[in-house]
Amino acid sequence: HNFARCFLMFDSSVLYCMNDRLIVHGGKKLNGDYKIQGSKNEAFEVMCACLLTKETVVIKNIPNIVDVTNLINVFKLLNVKIEKINDHDYSFCAKDMFNVDQVDFDVLKSFITQLRGGVMILGPMVARFKKAIIPMPGGDKIGRRRLDTHFYGLSKLNVVSYFDEKLQSYVCTTDQL
C-alpha cells in the first residue's frame, strides 16, 4: 500500500499517490506502467487488480515463489488466461473470468487454504459479479493476520460480508459498487 512514492502522468491525466490515497484528475482513460518491487504482497495486490479489467495486463518482476504459483492456480481455475513470458513476467486476461460458483469449490478451497493473500480476490470478484465466496484463507502461521480490515474496506463500498458456517467460507454481496 505504499503509494507515497508514486506520481505518474498518463496522457493528460495525472495520478497522484499521497497518504495511501489515489487521486485522479482528468477525464481520459488511464494507462501506463507501475513497477512492482518484486515482493509477494505487492505482487498479489497488482495481480488481483488484474481481475478488475477485461483487458490483457502484463506484470513484470513477479517473485517465483509457491504462494504466487498458488494464486496463479486460483486465477486459472477462475478461467483467467495466463501467459508466462519468463520466470518473473506474466500476462493476465480476465475477460472470460468465472465467478466462484462456476468452479469446483473443493479445488478452489485446496488453493485458498494454503494462501493468506487469497482474500484479495474478494474485491475484484464482488466488483465484477456482485457476489463472491471464498473458503477461509490459510497461509503461514506467523502471528495473527487479521482479515477484518478487508471486510471493513468492502463495507465502505456497500458490500455485505459474512462467514457461512456450513460452507466454512466468507460470502460477500452487493447491489451496487
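These figures come from a predicted structure and were not determined experimentally.
Within the 4.5 Å cutoff, side-chain heavy atoms of C48 are placed close to those of L71. Residues I121 and L51 form a side-chain contact, since some pair of their non-hydrogen atoms from C-beta on lies under 4.5 Å apart. Two residues are said to be in side-chain contact when any heavy atoms from C-beta on lie closer than 4.5 Å; M97 and N79 fail this criterion. With a 4.5 Å cut-off on side-chain heavy atoms, L154 and L122 count as touching. Side-chain contact between C50 and I59 is present, with heavy atoms from C-beta onward closer than 4.5 Å. M47 has its side chain within reach of I72: a pair of non-hydrogen atoms, C-beta onward, lies under 4.5 Å apart. Under the 4.5 Å side-chain criterion, counting only non-hydrogen atoms from C-beta, F163 is in contact with M136. Using a 4.5 Å heavy-atom threshold, the side chains of I62 and Y90 count as touching.
The neighbour count for Y152 OH, taken as heavy atoms of other residues, nucleotides or ligands under 6.0 Å away, does not exceed 12. Around atom NZ of K54, no more than 12 heavy atoms belonging to other residues, nucleotides or ligands sit under 6.0 Å away.
In the hydrophobic cluster analysis, where Ile, Leu, Val, Met, Phe, Trp and Tyr join through side-chain heavy atoms closer than 4.5 angstrom, V160 is grouped apart from F129. No continuous path of ILVMFWY side-chain contacts below 4.5 Å connects L108 to V66, so the two sit in separate hydrophobic clusters. F98 and F105 fall within a single hydrophobic cluster, where Ile, Leu, Val, Met, Phe, Trp and Tyr side chains are chained together by heavy-atom contacts under 4.5 Å. Linking Ile, Leu, Val, Met, Phe, Trp and Tyr whenever their side-chain heavy atoms come within less than 4.5 Å puts V46 and I65 in one cluster. Taking hydrophobic clusters as Ile, Leu, Val, Met, Phe, Trp and Tyr residues chained together by side-chain heavy-atom distances below 4.5 Å, V119 does not share a cluster with L52.
With ring centers used as reference points, F151 lies 6.0 Å or more from Y162.
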Show, in sequence, the C-alpha distance, side-chain angles and deciding distance for F44 and D67, and conclude whether the side chain to side chain contact (heavy atoms under 4.5 Å, CB included) test is met.
CA-CA 9 Å; F44 274 23; D67 282 351; 3.7 Å; yes
Apply the test side chain to side chain contact (heavy atoms under 4.5 Å, CB included) to residues V80 and I82: give CA-CA distance (whole Å), side-chain angles for both, the deciding distance (0.1 Å), then the verdict.
CA-CA 6 Å; V80 175; I82 300 167; 4.2 Å; yes
Taking it one step at a time, do K60 and I85 satisfy side chain to side chain contact (heavy atoms under 4.5 Å, CB included)?
CA-CA 9 Å; K60 298 180 179 183; I85 298 167; over 6 Å; no
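Formation of a donor-acceptor pair under 3.5 Å by the Q168 side chain with backbone atoms of D164 is not found in this model. Panel note: side chain Q102, backbone N99; a donor-acceptor pair is recorded below 3.5 Å.
L78 CG to D96 CG: the interatomic distance, rounded to the nearest 0.5 Å, is 12.5 Å. For the atom pair NZ of K109 and OG of S169, the computed distance is 6.0 Å after rounding to the nearest 0.5 Å. If you take CG on N61 and CG on D87, they are separated by 12.0 Å, rounding to the nearest 0.5 Å. Remark: S91 OG to E83 CD distance equals 4.0 Å, nearest 0.5 Å. To the nearest 0.5 angstrom, T69 atom OG1 is 8.5 Å from K76 atom NZ. Note that NZ of K131 and SG of C172 are 10.5 Å apart. Values are rounded to the nearest 0.5 Å.
When all heavy atoms of H88 and N86 are compared, the closest pair comes out as N-OD1, 2.9 Å. Scanning all heavy atoms of the two residues, the minimum distance from P135 to I112 falls at O-CG2, 3.3 Å.
Under the 3.5 Å distance criterion, with hydrogens and angles disregarded, no donor-acceptor pair is assigned to the side chains of K156 and N158.
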